[in-house]
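Letters A, B, ... mirror the listed sequences (proteins, then strands); counts begin at 1.
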Amino acid sequence: MTVTTRFAPSPTGFLHIGGARTALFCWLYARRHGGRFVLRIEDTDLERSTPEAINAILEGMSWLGLDYDDGPFYQTQRFERYAEVLEKMLADGTAYRCYCSKERLESLRADQQARKVKPRYDGCCRELNKPPVDATESPVIRFKQPLEGHTVVEDTVKGTVAFDNAELDDLIIARGDGSPTYNFVVVVDDMDMQVSHVIRGDDHLNNAARQANILKALGVNPPIYAHVPMILDEAGKKLSKRTGAASVMDYRDAGYLPEAVINYLVRLGWAHGDQEVFSLDEMVEHFDISDINHSASSLNPSKLEWLNQQYLMTLPRAHVARHLARHLGDLGIDPALGEGPNLEAIVEAQAPRSKTLVEMADSSRFFYEAPEVYDDKAARKHLLGSEAVISALLSALTAVSDWQAATIHEAVMGVAEAQSVKLGKVAQPIRVAVAGGPVSPPIDVTLELLGQAATLVRLESARQWAIEHAEA
RNA sequence: GCUCCCAUCGUCUAGCGGUUAGGACGCUGCCCUCUCAAGGCGGAAACCGGGGUUCAAGUCCCCGUGGGAGCGCCA
């Protein structure tokens, strides 16, 4: 049997982090077994499905690097097939037309809730031989659920789960307008697409029994189920739009690398011993459904930040640089224009002090633009009264003929020694002068990247500032 | 209300009958240091409660409690 998994989102919103993890698990499992991963868009709800949402899902998958072998399939394009199966079930007597009005159903439900029993269809039309005389509405089609016995779902992560068939009512599989509903199309599609492993959120565990029964009515064996636990927000609550960056694309915009998001996601509900950082190959090699946790997990944003930094520091610089360029662009800086320093060198220098690409872009801004104002506190502390030091630096750095970190370092050290001060007393004024604030990579590296000309101009500006503010 | 699922540090987790209950993030002490980081070495921090089973229970069973999900002509 070849392994086939599928990711089947409904296009009613963006691809959120929980869906992304489900997709990742499906993808990993298929890759691990040399199987097939299919993408299916569950858009049978014409009211709520939107093309924007479809694009958002496709974009999210692509950004994460989750490629699929088949699809995307759209359920709205398979209506003839569903109609065909529906006819067969009607003919077989495993489904029936129900003429109950929505009003009747609503009052039935209200009554049951008032009596504190589980709301369910009462089977009113189940044994009808012909339409009732007053049948004015277009009938829905219901699945004829077995009345007695149990339905057992063998779930790979939850274990054996038994449902009393009496708990499962006759669910609607086609609406009054003839369009099929979720529990039915899922079954038909998984069957037609030969899905071997259904990996999805455990909010579907209850549906598994209904679906298994439909499959049985169709004479088909159910797939292997794996219901993975939910992902909760930081507070342990269900994920919602209010929880901040719930969309995968928001993570991109916030400066996370897809590698970090993937790694973070794979460790949510899954572990391989004590290992925290996984390459894609390692994930594929080690991933197994049997190692998936049974309980829900909460988001831990600071761990994502840590992972992101690990990847910023270790991924090939050219790769990180490409992502950084995007965020510099967001700041109105075009690193491709050639004026600025080498992007990869910036990545090397800034990665150990950046959690995200947004931070990295922001703190690298000064390489491209001279500071408009100095950080107030830093300027007063390091610039005020530093005219002599800055003047000395100006001449020492002007004299550097081979502008390299090593030679710069020598020049700066020379000034410190000549002034009988520690390196910090010299480095900090430079830092404020060139970066505008008290923080930057090592001063020699910073200056090398900035370039000699810009360094001298900024030092001169800082000297002027120090003179102007001296009397105050 | 009914049905189903779940329960180890604050969080992510290892553990698969015998462990000083391990790792990671975060927090924190020290070291390194031109700033900020990164890095190195330490520290605090957990088996939800009660019953069983067993020579032995975080691990198996039951109950309770607490979370979560489902109960649509949504998916």
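A salt bridge between A/Asp190 and A/Arg40 is present, with a side-chain N of the basic residue lying under 4.0 Å from a carboxylate O of the acidic one. The pair A/Arg81-A/Glu84 meets the salt-bridge criterion, since a charged nitrogen lies less than 4.0 angstrom from a carboxylate oxygen. Ion pairing between a basic and an acidic side chain is recognised when a charged N comes within 4.0 Å of a carboxylate O; A/Glu369 and A/Arg365 show such pairing. Looking at A/Asp202 and A/Lys158, a side-chain N of the basic residue comes within less than 4.0 Å of a carboxylate O on the acidic one, giving a salt bridge. A salt bridge is defined here as a Lys NZ or Arg NE, NH1 or NH2 lying under 4.0 Å from an Asp or Glu carboxylate O, and A/Glu359 with A/Arg353 fails to meet this definition. We find that A/Arg104 and A/Asp122 are joined by a salt bridge, their nearest charged nitrogen and carboxylate oxygen being less than 4.0 Å apart.
Rounded to a whole angstrom, the distance from the P atom of B/A7 to that of B/G49 is 15 Å. B/A14 and B/A21 are spaced 10 Å apart, taking the C1' atom of each and rounding to whole Å. As rounded to the nearest Å, B/U53 and B/G42 have C1' atoms that lie 42 Å from one another. Rounded to whole Å, the separation between the C1' atoms of B/U11 and B/C31 comes to 28 Å.
A/Tyr264 comes within 4.0 angstrom of nothing in the nucleic acid, heavy atoms only. Across all strands, A/His204 comes closer than 4.0 Å to base atoms (heavy-atom distances). In this structure, A/Asp169 reaches neither bases nor backbone, as no heavy-atom distance under 4.0 Å exists between it and the strands shown. Residue A/Thr44 is in sugar-phosphate contact alone, with no base atom involved, counting any heavy-atom pair closer than 4.0 Å across all strands shown. Looking at heavy-atom distances under 4.0 Å, A/Ala8 makes no contact with the nucleic acid at all.
Each of B/A75, B/C73, B/C6 was ranked by its minimum atom distance to the side chain of A/Asp45; first place goes to B/A75. Listed nucleotides B/C4, B/A14, B/G1 differ in distance to A/Leu205; the shortest reach to its side chain belongs to B/C4. Checking B/C73, B/A7, B/G1 against the side-chain heavy atoms of A/Leu105 singles out B/C73 as nearest. Nearest nucleotide to the A/Lys158 side chain, out of B/A75, B/C6, B/C71: B/C6.
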Protein within reach of the bases, or only the backbone? For nucleotides 23-40 of chain B, mark each nucleotide 5' to 3' as B, S or -, using heavy atoms under 4.0 Å. BBBS-------BBBBSS-
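For B/C30, the paired nucleotide is B/G40, the pair qualifying as Watson-Crick or G-U wobble because both relevant distances are below 3.5 Å. In a base pair of the Watson-Crick type (N1 to N3 plus N6-O4 or O6-N4) or a G-U wobble (N1-O2 and O6-N3), with each distance short of 3.5 Å, B/G1 is matched with B/C71. Look at B/G66: its Watson-Crick or wobble partner, with both distances under 3.5 angstrom, is B/C6. Taking a pair to require two hydrogen-bonding distances under 3.5 Å in either a Watson-Crick or a G-U wobble arrangement, B/A24 pairs with B/U11. Across all strands shown, B/G18 pairs with B/C55; the Watson-Crick or G-U wobble distances both stay below 3.5 Å.
Remark on RNA chain B: of its neighbouring residues A/Cys100 and A/Ala271, the 5'-side contact belongs to A/Ala271, judged by nearest-heavy-atom nucleotide. Each of A/Val161 and A/Asn183 was matched to the nucleotide of RNA chain B holding its nearest heavy atom; the match closer to the 5' end belongs to A/Val161.
Contact between the side-chain N/O atoms of A/Ser298 and the OP1/OP2 oxygens of B/C12 is found at a separation under 4.0 Å. For the pair A/Arg109 and B/G72, the criterion of a side-chain N or O lying under 4.0 Å from OP1 or OP2 is met. Applying the 4.0 Å criterion to OP1 and OP2 of B/A75, one finds that A/Ser49 has every side-chain N and O outside that range.
Each of A/Ile292, A/Asn293, A/Leu24 was compared with A/Trp270 under the side-chain contact (heavy atoms from CB on, under 4.5 Å) criterion, and only A/Ile292 meets it.
In this structure, the ring of A/His16 has its center no less than 6.0 angstrom from the ring center of A/Phe14.
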